[in-house]
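Worksheet for the structure shown next.
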Amino acid sequence: MLVLGIETSCDETGVAIYDTRQGLLSHALYSQTEMHGEYGGVVPELASRDHIRRVLPLIRQTLAGASIGLQDLDAIAYTQGPGLAGALLVGASVAASLGFALEIPALGIHHLEGHLLSPLLSDPAPDFPFIALLVSGGHTQLMQVDGLGSYRLLGETVDDAAGEAFDKTAKLLGLGYPGGPALSKLADEFSRSGRPERFELPRPMLHSGDLNFSFSGLKTAVLTLTKKHEMTPQTKGAIASAFQRAVTDVLSEKALAALEKTGLNRLVVAGGVGANRHLRSTLLRKAGEIGATVFYPELQFCTDNGAMIAFAGAMRLQSIDIARKKLNDEFTVKARWALEMQATPSAL
Ligand code: KG4
Ligand code: ZN
């Protein structure tokens, strides 16, 4: 089965073709970060307009990359939510129109399901059940994943998401948008320089006894530091390092606590912050110490992409009788949508 995946939930237009027999055939991505960078954050209206400009050329490019034509497709999967409503509507309407014209199913996919299944695109892929640490710009959650569509929320952030905290802190340090990768680079450079650490930031909710997170206080603590000290490149590096260490400590300790609590020994890390090198190496080390295995998506599939949507769509469509899948004449998007509310494949 050949599935075209379309992702347009935020500021990346991602398209991919997944073949249930051969795996990922091709994928293409256009990132709008440069355009939004001028404004210091994502401007929803501009995001929607840019998806409109990019999506058809990317679909053409992806089909050519897979050496197939539109008529070869068996189904289309698109991100139905959560995300920016206008941006989601671009992908949803293109997917629904193509499905209508080609008389094939167009299936709405939960963006976070795409993220948490993305490590299954790699080899070796984790078996179910596993714990997923979802760390993106909009979400920070620990999930128990027992199978496709079977997700139990174990804990989540009570305020800012981890990626959001990276972005806001980076802004305070004058690192531009999106700040996560820039802040992480600065922090890694500081650590490698061998200079002694100058600052320690709080580890919010580390001992809260549950699996929830809080990151908004960290940003405030950084703000205080930026007011107290002259912002030389070295000081910025020291603050970036303190911030990255604090976030990593909390994320890794809670992820380990989730493994302990459930008795599971496989951890999947997904979402944009999963690209963070310090977090990756810390989790590998700490999980190794308790005999657990950590699975990551390839770096290019940590942040938003079409491959994870095509893959999630293919998995869902494989577990139903595609010939009997109703062809929808209408479509909706869900700007807010809890992952546990996602239907199991048998309910499709
Ligand atoms: O999953 P994603 O691409 O989009 C959402 O669904 O939100 O995640 C984007 C987030 C941004 O906040 C970005 O700053 C953060 O992931 N991010 C990172 C790194 N790369 C991306 N944060 C820390 N270190 C990184 N290397
Ligand atoms: Zn995402």
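Order of listing sets the numbers, starting from 1, for every ligand and every atom in it.
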Problem - Heavy-atom neighbours of R285 CZ exceed 12 at 6.0 Å - result: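 Count over threshold, so yes.
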
Problem - Over 12 foreign heavy atoms within 6.0 Å of CZ, R49 - result: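 Atom CZ in R49 is not crowded, with 12 or fewer foreign heavy atoms closer than 6.0 Å.
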
Check: [X] side chain, [Y] main-chain N or O, donor-acceptor pair, under 3.5 Å:
X	Y	answer
T235	M231	no
T140	V135	no
D146	P129	no

Atoms of ligand 1, numbered as shown, that sit under 4.0 Å from any heavy atom of [X]:
X	result
H111	6 (O)
G138	7 (O)
G163	12 (O)
G137	5 (C), 7 (O), 8 (O), 9 (C), 10 (C), 12 (O)
S184	24 (N), 26 (N)
T303	3 (O)

Exercise for the section: Supply the atom-to-atom distance K168 NZ to F243 CZ, rounded to the nearest 0.5 angstrom. Expected result: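 With rounding to 0.5 Å, NZ (K168) is 10.5 Å from CZ (F243).
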
Problem - CD1 on I290 to CG on N265, rounded to 0.5 Å - result: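 Separation between the atoms: 8.5 Å.
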
Exercise for the section: Give a yes or no on whether a salt bridge exists between R203 and E253, defined as a side-chain N under 4.0 angstrom from a carboxylate O. Expected result: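 Salt bridge between R203 and E253, a charged N being under 4.0 Å from a carboxylate O: no.
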
Practice task
Taking only Lys NZ, Arg NE, NH1 and NH2, and the carboxylate oxygens of Asp or Glu, determine whether D50 and R54 approach each other closer than 4.0 Å.
Solution key: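 Here D50 pairs with R54 in a salt bridge, since their nearest N and O are under 4.0 Å apart.
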
Tell me which protein heavy atom sits closest to [atom], plus the residue, atom name and distance to 0.1 Å.
atom	answer
atom 3 (O) of ligand 1	D304 N, 3.0 Å
atom 22 (N) of ligand 1	G180 CA, 3.6 Å
atom 14 (O) of ligand 1	D167 OD1, 2.6 Å

Handout entry: Residue-atom pairs from the protein, N, O or S only, that lie under 2.8 Å from the Zn ion (ligand 2)
Key =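 Less than 2.8 Å away from the Zn ion (ligand 2) sit H111 NE2, H115 NE2, D304 OD1.
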
Side chains of [X] and [Y] only: does a donor on one sit below 3.5 Å from an acceptor on the other?
X	Y	answer
S216	D160	no
K254	S208	yes
T79	H111	no

Practice task
Please state which part of H115 comes within less than 4.0 Å of ligand 1, counting heavy atoms only: side chain, backbone, both or neither.
Solution key: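 The side chain, only.
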
Handout entry: Proximity of N276 to ligand 1 by residue part, where a heavy atom lies under 4.0 Å
Key =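 Near ligand 1, N276 shows its backbone as well as its side chain.
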
Practice task
Give yes or no for whether the N/O distance cutoff of 3.5 Å, strictly under, is met between G271 and ligand 1.
Solution key: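 Min N/O separation from ligand 1 is not below 3.5 Å for G271.
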
Problem - Check: G272 N/O within less than 3.5 Å of ligand 1 N/O - result: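 Yes, since at least one N or O of G272 sits under 3.5 Å from an N or O of ligand 1.
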
Practice task
State if P181 counts as touching ligand 1 under the rule of any non-hydrogen atom under 4.0 Å.
Solution key: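 P181: in contact with ligand 1 (<4.0 Å).
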
Problem - Plane angle bin for W337 and H110 - parallel if under 30°, tilted between 30 and 60°, otherwise perpendicular - result: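 Tilted.
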
